[in-house]
Every structure is written in C-alpha cells, then in structure tokens.
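Letters A, B, ... are given to chains in the order of the sequence lines, protein chains preceding strands, and every chain is numbered from 1.
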There are 2 protein chains.
Amino acid sequence: MARAATTSDAFNAVAEPRRRQILELLAEGERPVAALVERLGVAQPLVSKHLRVLREVGLVNVREEGRRRLYRMDGRPLQDIYVWVSRYQAVWDERFDLVDTVLGELKAREGE
Amino acid sequence: MARAATTSDAFNAVAEPRRRQILELLAEGERPVAALVERLGVAQPLVSKHLRVLREVGLVNVREEGRRRLYRMDGRPLQDIYVWVSRYQAVWDERFDLVDTVLGELKAREGE
DNA sequence: GCATAACATGTCCATATGGGTATGTAATTC
DNA sequence: GAATTACATACCCATATGGACATGTTATGC
C-alpha cells in the first residue's frame, strides 16, 4: 500500500500546508476560486484540486453563483483532530492545569 | 513536487493512523519495540520505520537498555496542531462558549 | 566463540501525491 | 453567436509513501 489518500480524513487533508492556507482564507468568509488564486499566488488548477480534497472531507462547501463557485469553510471535521490532540494537551499547556483549578474553585465557591 | 514528507512536521507524521496508534500506546508509558509489534500486530520493520518518522519530528524519544530500545512519547510537537485547530473550535464546540461563561461568572463573583 | 534475540536498515513494489500544462464546460458579454 | 470569463478536469512527471521481505548490527545467553 502507499500513503493514505489525502481525502481519507481531515488529518490527511490538513497535513498539506497549502490546504491549511486555503482554510485560513475561507475562515474570513465565503470566497470565489479566483480570490484564493490571487491571495495564494498559485496556479488556478492547483487551487481547484486542493478545494476538491477539502470538499471530499467536508471541510468546505460550495455554492454556485453564475459562473463563479463560492467556497465556504466548514470546520466541523476538524473536531476529530481536536479531540485526538487534546488528549495530550496536559504535556505542554500550563493553562490546562489552570482551567482545572479555576473550575475547581468555582465549584468550591458554589458550596459556600 | 510530490506530497510533503511525513517527517516534515507533526501534521504529516500524525496523518498516518498507525502512527497515531503507536503514540496512543506510548502514552501509557515507555515501551520496547517488541511490545508495540505485539499490540499492533504488524511486522517489526514497519513499526521501526514508523518510529523513525515519529522520532524525526520529535514525537518520541529513545533510550537504549541492553539490546532493547525503549520508546517514550513526547507530545510537545502536537502543540502546533492544537494551536492551529483551536482557532476553529468555536464552530463545533458548544462548551467553547460555556467556558467563556464560566470564566466570566468567576470574574463577576470575585467582584462581590 | 557461537547461536540467538531485539532492533535498524536496505530493497522492491504499487500507489497517489503536488505541481505544471493543456483542454473541457458552462455562464456572461458583446 | 462568437469571444471571453471562471472554473473543473485530464494528462504528465518526479517523488516518497506503506507494506513485504531480506539482511545488517549489536547485546545477551550458552
């Protein structure tokens, strides 16, 4: 077997830096392909290909408006990644403990 | 160009399901290669190769003990992923707002 | 010292990638 | 309706992958 398809899940789709850039741009709002091409400075067919991958994993939606296709981000598939990574958050994040502390204090105060 | 190397960053290293499994096992504690081979049920050379990738992105450390190599997880490189994904957390996580609420209430209570 | 255990590394293969270039298709403009 | 615009798709290439198999290397046991 070769490497898992980029379209197999959000993990693989987002591993590509350019696709992350595209999502960052689309997070600003709905955009036609030409706008992405301009901001990214890459060939249009390449952008279309990346958008196809993002579409297949559900990270973007398309809406047709005349001869333009308006793309919009849908972050929900990122939850899988968030959930998986969060399990190891304690390793690096000091605030991880802080949140526990804060929530604990809040609970204690409720008992006052 | 082809796809970015699996060793280029944590994003790419973790895109492979088997490598995520390995990290999950190593999260339980330090383990020799043989233990991973047994739990994963895959060929030893393949496990060694995956470990190499994880080592190159800093997700695991090795310690030599006789003829065994004890691998240990280091979650820190996952922070990059966490940080990136967290930006879009609001999209799917209701508790995102909840945390804001809780912290806000705590702050309000402090003013009592 | 020799067999063996615990790994790492090398080679081979099928596969799909990202990029580049060319072409197809549908909507708009004149 | 012909030209053009806004895309998607097709085809090409070099590259690196995950897996299977074979072999190298070092430490241990006898």
Does the B/S86 side chain pair with the main chain of B/Y82, one donor and one acceptor, at a distance under 3.5 Å? yes
Take A/M1 and A/V62, find for each the nucleotide of DNA chain D with the closest heavy atom, and name the residue whose nucleotide sits nearer the 5' end. A/V62
Looking at C/dT17, I'd like to know if its phosphate oxygens (OP1 or OP2) sit under 4.0 Å from a side-chain N or O belonging to A/H50. no
Return the 5'-most residue of the pair A/T7, A/G66 with respect to DNA chain C, ranking by each residue's nearest nucleotide. A/T7
To the nearest angstrom, how far is A/Y71 atom OH from D/dC7 atom C1'? 8 Å
May I ask you to verify whether the side chain of B/Q44 and the base of C/dA6 hold a donor-acceptor pair under 3.5 Å? no
Which part of the nucleic acid, if any, lies within reach of B/A34 when heavy atoms closer than 4.0 Å are counted: base, sugar-phosphate only, or nothing? sugar-phosphate
Looking for any heavy atom pair under 4.0 Å, which part of the strands does B/P45 touch: base, sugar-phosphate only, or nothing? base
Winner on side-chain proximity to A/R69, out of D/dC7, D/dG19, C/dG20, is D/dC7
Rounded distance in Å - CZ (A/R63) to C1' (D/dC7): 16 Å
Given 3.5 Å as the limit, does a donor-acceptor pair link the side chain of A/R69 with the main chain of A/E64, or not? no
Could you tell me whether A/R39 atom CZ has more than 12 heavy atoms of other residues or ligands within 6.0 Å of it? no
What is the distance from CD of B/E16 to C1' of D/dA16, rounded to the nearest Å? 13 Å
May I have the distance from A/E65 (atom CD) to C/dA27 (atom P), rounded to whole angstrom? 13 Å
Calculate the interatomic distance between A/K49 atom NZ and D/dC13 atom P; express it in whole Å. 14 Å
So, does B/R52 get its side chain near the phosphate of C/dC7, meaning an N or O under 4.0 Å from OP1 or OP2? no
Within the 4.0 Å heavy-atom criterion, would you say A/S48 contacts the bases, only the backbone, or no part of the nucleic acid? base
Ignoring backbone atoms, test whether B/R3 places a side-chain nitrogen or oxygen under 4.0 Å from the OP1 or OP2 oxygen of C/dT15. no
Residues A/R63, A/E30: salt bridge by 4.0 Å N-O rule: yes
Whole Å only: how far is the CG atom of A/N12 from the P atom of D/dT17? 13 Å
For A/R67 and for A/A4, find the nucleotide of DNA chain C with the closest heavy atom, then tell me which residue's nucleotide is more 5'. A/A4
Provide, to the nearest angstrom, the distance between the CG atom belonging to A/L46 and the P atom belonging to C/dA22. 16 Å
Length of the CD-P vector between A/E56 and D/dA8, whole Å: 13 Å
A/Q79 side chain to A/W84 side chain, donor-acceptor N/O pair below 3.5 angstrom: no
